[in-house]
Number of protein chains: 2
Amino acid sequence: MAEAVNIKRLAQELNISIATVSKALNDSYEISLKTKNRVWTLAKELNYTPNPAASNLRSNKTKTIAVVIPCVANNFFSLSIMGIEEIARQYGYHVLIYQTHENIEAEKAFTNSLLNGRVDGILTSVSSSEYNSEYYANLVKKIPLVFFDRVYENLDAVRVTTDDYEIAFQATEHLIECGCTKIAYLFGLENLPAGKARFAGYLDALKTHGITFMEQLVVKYHDGEEFNLQQIKELLGKHKPDALFSSIEEFIIPAYRACRDLSLQIPNDVKVLSFSNLSTAELLNPSLTTISQPAFEIGREAAKCLFKILNNKQLDDEQNIILKSVLTKRESTGG
Amino acid sequence: MAEAVNIKRLAQELNISIATVSKALNDSYEISLKTKNRVWTLAKELNYTPNPAASNLRSNKTKTIAVVIPCVANNFFSLSIMGIEEIARQYGYHVLIYQTHENIEAEKAFTNSLLNGRVDGILTSVSSSEYNSEYYANLVKKIPLVFFDRVYENLDAVRVTTDDYEIAFQATEHLIECGCTKIAYLFGLENLPAGKARFAGYLDALKTHGITFMEQLVVKYHDGEEFNLQQIKELLGKHKPDALFSSIEEFIIPAYRACRDLSLQIPNDVKVLSFSNLSTAELLNPSLTTISQPAFEIGREAAKCLFKILNNKQLDDEQNIILKSVLTKRESTGG
DNA sequence: CTGTTAGCGCGTTCAC
DNA sequence: GTGAACGCGCTAACAG
């Protein structure tokens with residue numbers, strides 16, 4: 001379909017050897033400026049661009065990275081991708097996307113398929129369905145890899161995360177200051193450090209303020225919208241909490257639905273506070289208090305780290321970069 | 001980093017020729033089952049996977065497609081990507097993502113960089129900043145390409161779109177039936193067929209119902225949130241429309257903000273209706289009437305078409321696939 | 001059924 | 001300054 005314009009073609013048209021063309025294109029000192037100019041102008045004229053497969057094969061570098069995430073259609077991850085892409089462009093890299101849909105087997109299959117030199121490095125936010133550090137302990141030895149947000153700890157790999165514990169603590173405290181005493185917790189990512197840290201922040205805030213934790217007020221996230229909806233409705237009906245703290249954005253919809261189905265007024269009957277990157281949602285519903293992770297920045301930072309590694313540069317300090325989330329308090333804390 | 005396990009290594013260990021190994025791996029009929037089995041087991045043992053660069057170079061097939069879109073962090077596009085990815089997985093293809101940020105030069109640069117055999121085909125939703133069909137007329141001759149949603153017409157390329165005219169007509173009619181007579185139009189994608197069709201639907205609905213179109217009620221989208229906000233505020237202040245029809249989801253935020261800033265009650269003072277794929281937003285604000293394009297399906301269909309082309313299969317009928325959008329009418333039409 | 005040979009397009013080495 | 005020759009890992013043509 002595309003007429004082959006390769007180094008050989010350029011060499012023929014200019015009546016010089018292939019090697020000379022190659023060197024000229026790479027601006028080698030061995031080539032005269034005159035020859036270089038002849039090559040460059042013809043290259044431009046014919047729209048020559050080097051064949052990536054050929055140079056990959058030769059150089060073992062692909063100028064490509066992979067992003068392995070649970071799902072693109074999620075505010076947090078799509079913003080992260082934006083950040084990643086921005087940095088990738090600066091470095092002239094291409095970005096492959098793989099969605100695991102929280103399926104650990106798919107996750108392994110994808111990453112394994114990347115080990116044969118398809119990409120120079122991987123950025124990943126792991127599936128929450130399992131915490132299997134064995135696999136990743138092995139993987140990080142084979143390919144440059146940076147974790148972001150959903151990470152594996154205690155591995156020889158950089159991770160970019162946020163202040164999950166602190167922000168969950170502050171958020172819970174905010175609910176308490178608003179007068180809430182029965183704060184239900186919608187628990188997501190329970191297998192992962194991020195999920196555990198958020199929950200710990202919630203627990204410690206209760207403790208600090210002398211509120212006894214009640215296990216009945218916790219609902220754990222499951223796949224399947226209906227199930228979550230039912231669980232929350234049951235929670236609301238049985239235990240009548242005065243607030244819902246949603247630890248992941250996927251819980252917002254069932255939480256709102258449950259309240260509506262039970263004719264509970266938000267925020268009068270129940271206050272709602274959520275981790276969320278839904279800027280639009282916040283605007284449409286200006287009274288929703290939210291925790292926004294700096295998704296875009298996380299993507300940027302993670303990508304920057306990966307490129308530092310790929311360029312064999314020293315990483316500044318730690319292997320663990322922690323960015324700050326933002327707690328946006330709205331009128332009357334709730335939706 | 002990864003210890004080289006290639007076809008040569010397998011051949012040596014098994015004391016057979018490289019070609020035999022290659023054929024065995026590709027399950028060629030020329031190779032005995034016994035030999036195949038020996039090769040397969042060793043391959044598995046050593047975790048052999050073919051080097052993609054080498055096979056790309058030889059076969060001129062990359063098993064990779066590119067998706068070129070304005071932005072990932074957008075409900076419509078992120079859902080489209082999900083659909084594309086799903087189909088790509090089925091075909092064992094990899095997916096590269098490029099964001100143009102509505103910059104036509106970036107768009108051209110990206111697509112040009114894909115012409116040297118980096119990908120087998122391209123899926124694109126073009127930038128709205130310009131309608132320059134010359135470039136694409138040329139491009140479609142060079143590489144298999146499918147347009148989705150934001151398309152170029154009259155080119156020899158498949159396009160997957162939605163019923164923009166019809167749904168805009170219906171939506172406008174709905175506002176009229178709700179009693180609105182001064183319906184302002186927030187005009188996006190004005191250079192593209194989709195934007196034109198939506199506007200035409202709006203105009204014709206007005207006409208059908210005997211309402212005179214007023215040019216002052218139109219606000220055109222520009223980059224820069226603040227500018228849009230000001231324009232809408234001016235519109236609301238000067239002309240006091242009883243409804244806002246937003247033709248793109250990017251207009252929702254400034255529209256809501258403008259109403260809030262002017263203390264206009266939605267939907268009592270102004271009804272609001274928008275193109276949108278914000279399922280969350282709809283839920284948080286259950287009274288918002290929306291037009292949802294089937295983003296996921298569009299992605300799937302577009303990808304399917306591309307793979308049919310790549311496999312030299314006949315496309316069923318037309319080069320133009322039109323999917324139906326959904327008008328979700330909510331209580332009292334407005335936000 | 002198996003092996004030999006010849007590249008795919010590029011970059012590098014070493015002669016000249 | 002320039003060119004001939006080789007090889008990255010794999011596949012396809014042809015031979016046997």
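The basis for the numbers below is simple: all heavy atoms, side chains too, and nothing from hydrogens, waters or symmetry mates.
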What closest approach, in Å, do A:Leu310 and A:Pro144 show between heavy atoms, and which atom pair accounts for it? CD2-CG, 3.8 Å
NZ of A:Lys63 versus P of C:dG11: gap in Å, rounded? 13 Å
Roughly how many Å is it from CG in B:Leu14 to P in C:dT2, rounded to a whole number? 12 Å
Side-chain donor/acceptor of B:Thr162 to backbone N/O of B:Leu323, under 3.5 Å: no
Mind running a 4.0 Å heavy-atom check of residues 31-41 of chain A against DNA chain D and sending the residues that fall below it, in number order? A:Ile31, A:Ser32, A:Thr35
Can you check the B:Arg9 CZ to D:dC10 P distance for me, whole Å? 12 Å
Not counting sequence neighbours, which residues clear side chain to side chain donor-acceptor pair (under 3.5 Å) with A:Thr124? List them please. none
Is a side-chain N or O of A:Glu85 found less than 3.5 angstrom from the main chain of B:Gln99, in a donor-acceptor match? yes
Calculate the interatomic distance between B:Ile7 atom CD1 and C:dC8 atom P; express it in whole Å. 19 Å
Between B:Thr100 and B:Ala106 (side chain of the first, backbone of the second, donor and acceptor by atom type, cut-off under 3.5 Å), is there such a pair? no
Could you check whether any side-chain N or O of B:Tyr152 sits under 3.5 Å from a backbone N or O of B:Asn132, counting only pairs where one atom can act as donor and the other as acceptor? yes
In whole angstrom, give the distance that lies between atom CZ of A:Arg118 and atom P of D:dG9. 16 Å
When A:Tyr98 is tested against each of A:Ile122, A:Leu114, A:Val67 for side chain to side chain contact (heavy atoms under 4.5 Å, CB included), which residue passes? A:Leu114
Show me the protein contacts with nucleotides 6-8 of chain D, counting only N or O atoms at under 3.5 Å.
from  : atom 1 : to      : atom 2 : distance (Å)
D:dG7 : N2     : A:Arg58 : NE     : 2.7

Where along residues 15-28 of chain A does a heavy atom fall under 4.0 Å from DNA chain D? A:Ile16, A:Ser17, A:Ala19, A:Thr20, A:Lys23
Exam field: side chain A:Glu30 to backbone A:Lys23, donor-acceptor pair closer than 3.5 Å: no
Taking for B:Ser55 and for B:Glu30 the nucleotide of DNA chain D with the nearest heavy atom, the one nearer the 5' end belongs to B:Ser55
Just by distance, do the side chain of A:Ser78 and the backbone of A:Asn74 share a donor-acceptor pair under 3.5 Å? yes
Distance below 4.0 Å between A:Tyr48 side-chain N/O and C:dC10 OP1 or OP2: yes
Are the side chain of A:Asp120 and the backbone of A:Lys61 linked by a donor-acceptor contact shorter than 3.5 Å? no
Per-helix bend value, the helix from C:dC1-D:dG16 to C:dC16-D:dG1, C1' rotation axes over five pairs per end, 10° rounding, shows 50°
Do any N or O atoms from the side chain of B:Ser80 and from the backbone of B:Gly299 form a donor-acceptor pair under 3.5 angstrom? no
Would a distance-only check, ignoring hydrogens and angles, find a side-chain to backbone donor-acceptor pair under 3.5 Å from B:Asn26 to B:Ser28? no
Contacts of type side chain to side chain donor-acceptor pair (under 3.5 Å), residue A:Lys36, not counting sequence neighbours: A:Asp27
